[in-house]
Amino acid sequence: PLDSWLYRFRKKVVLTATGLFLLHPVQTQTVLNVEHMRLEGLMVLMLLVTLYCFLRVLKDAHNDRLWYKNGWMYFALCFAVSAVGTKEACIVLPLLAIALDWFFIAAGSLSRLLSRVWAHVAFSTIFFVAFFSVNGHLALFEMLSGCSKVISAPGCLLTASYDQALSASFYAIAQIPVLLHYVWIFFYPFDLYFDYDVAIPTHVLHPVVFISLLSLVAIVMVGIALWVYNKRNLVSFGLCWFFIALLPRVAFFAPSTELVGDYKTFLASIGMMVMLAGIVWYVVDWLCTTVLHIESKLGWGAVSLVGCWGI
């Protein structure tokens with residue numbers, strides 16, 4: 001709606017989120033990992049272009065111009081297939097498309113989302129056919145079975161000895177505090193390291209694992225509560241995007257020789273930056289209209305000062 005808060009602040013939120021994506025310490029720190037960031041950046045670029053093209057198809061789903069819809073779908077599929085050749089983490093692309101549709105086009109309406117189910121099914125089918133043709137399917141089945149094991153790499157010892165295999169169950173337990181770490185670094189971007197020296201907890205009732213699990217549940221519950229209150233709020237969307245994008249990176253069922261890597265949050269950080277930008281402008285708008293009783297446009301000065309301080 002033209003009179004909604006999101007519509008009125010859309011440009012400010014976009015510019016702020018873009019600035020955070022470029023200047024946030026987590027982003028500048030992950031770029032240092034050149035080996036991974038070459039493909040990581042290419043994958044994110046392909047996914048964003050794909051989502052833009054696909055959203056144009058969804059937004060104009062009732063448009064009678066078939067050449068218009070088919071043209072955007074063609075470009076979306078071309079970029080989606082290109083993303084398949086970058087990294088396996090692009091497997092979450094269909095879920096991200098559904099999340100964008102659910103929050104910003106369907107506005108939380110299940111009936112409106114289902115009215116475009118044909119587009120999602122067609123897009124997802126072609127994407128997954130291309131994905132499994134390139135990456136194969138045996139590794140995915142092994143991952144979902146929870147039977148995969150890995151041996152610690154030289155210089156990255158995760159078990160008691162080098163010859164001891166790391167099972168999927170122990171790795172899944174260790175990923176719970178790692179997931180909370182990925183959330184925390186965007187709010188407290190200090191003490192960031194290229195390689196973290198961490199120990200793997202051995203059971204779920206370990207204090208670190210238990211507290212992390214409760215914290216993650218609380219974060220998810222806050223996101224759900226805000227979504228119930230406002231179907232298009234940026235906090236819920238940001239959390240939804242963040243956790244969806246991290247699904248293949250946290251890899252609860254597929255142990256890896258690398259337990260923590262901040263570069264893995266590059267795609268997920270888009271959701272976090274949108275959420276932080278939304279929070280900033282929620283607070284600025286509330287202060288300007290409720291506390292200070294001035295026009296919200298003056299909030300640009302406050303945000304600029306904060307941005308200069310951050311730089």
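Residue numbers start at 1 and run along the sequence shown.
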Next on the checklist: Show me the pairs that pass side-chain hydrogen bond (donor to acceptor under 3.5 Å, both in side chains) and involve residues 94-108, at least two apart or across chains.
Outcome noted: D101-R116, D101-H120
Do any side-chain atoms of residues 207-230 form donor-acceptor pairs under 3.5 angstrom with protein atoms, and if so which ones, sequence neighbours left out?
residue, atom, partner, partner atom, Å
S212, OG, V208, O, 2.6
S215, OG, I211, O, 2.8
N230, OD1, R232, N, 3.1

If every non-hydrogen atom of [X] is compared with every non-hydrogen atom of [Y], which pair is closest and at what distance?
| X | Y | value |
| --- | --- | --- |
| L95 | I244 | CB-CG2, 3.7 Å |
| Y263 | K87 | CE1-NZ, 4.3 Å |
| L246 | A268 | CG-CB, 3.7 Å |

Item to check | Verdict with reasoning, L276 to F187, per side chain to side chain contact (heavy atoms under 4.5 Å, CB included) | outcome: CA-CA 9 Å; L276 291 175; F187 294 92; 3.5 Å; yes
Checklist entry - Can you name the residues that form a side chain to side chain donor-acceptor pair (under 3.5 Å) with S124, not counting sequence neighbours? => result none
Checklist entry - What residues form a side chain to side chain donor-acceptor pair (under 3.5 Å) with Y52, not counting sequence neighbours? => result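 Partners of Y52 by the side chain to side chain donor-acceptor pair (under 3.5 Å) criterion, ordered by chain and then number, come out as R56.
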Item to check | CA sep, side-chain torsions, deciding dist, call: F127, V84, side chain to side chain contact (heavy atoms under 4.5 Å, CB included) | outcome: CA-CA 8 Å; F127 171 79; V84 166; 3.7 Å; yes
So does [Y] get a backbone contact from the side chain of [X], meaning a donor-acceptor N/O pair under 3.5 Å?
| X | Y | result |
| --- | --- | --- |
| W241 | L267 | yes |
| R112 | I105 | yes |
| H24 | F186 | yes |

Next on the checklist: For F243 together with Y182, are the ring centres under 6.0 Å from each other?
Outcome noted: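 Judged by ring-centre distance (under 6.0 Å), Y182 and F243 do not meet the cut-off.
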Checklist entry - Under the side chain to side chain contact (heavy atoms under 4.5 Å, CB included) criterion, do L247 and I91 qualify, and how do the steps go? => result CA-CA 9 Å; L247 282 176; I91 194 173; over 6 Å; no
Do [X] and [Y] make a side-chain contact, defined as non-hydrogen atoms from C-beta onward lying under 4.5 Å apart?
| X | Y | answer |
| --- | --- | --- |
| M275 | L234 | no |
| N233 | Y282 | yes |
| L113 | V117 | no |

Checklist entry - What residues, two or more places apart in sequence or in another chain, satisfy ring pair (Phe, Tyr, Trp, His ring centres under 6.0 Å) together with F123? => result F54
Checklist entry - In chain order, what residues pass the ring pair (Phe, Tyr, Trp, His ring centres under 6.0 Å) check against Y188, with sequence neighbours excluded? => result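 For Y188 the ring pair (Phe, Tyr, Trp, His ring centres under 6.0 Å) partners, ignoring immediate neighbours, are W184, F190.
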Item to check | Intermediate values then yes/no, ring pair (Phe, Tyr, Trp, His ring centres under 6.0 Å), F266 and F21 | outcome: CA-CA 9 Å; F266 195 62; F21 186 80; 5.3 Å; yes
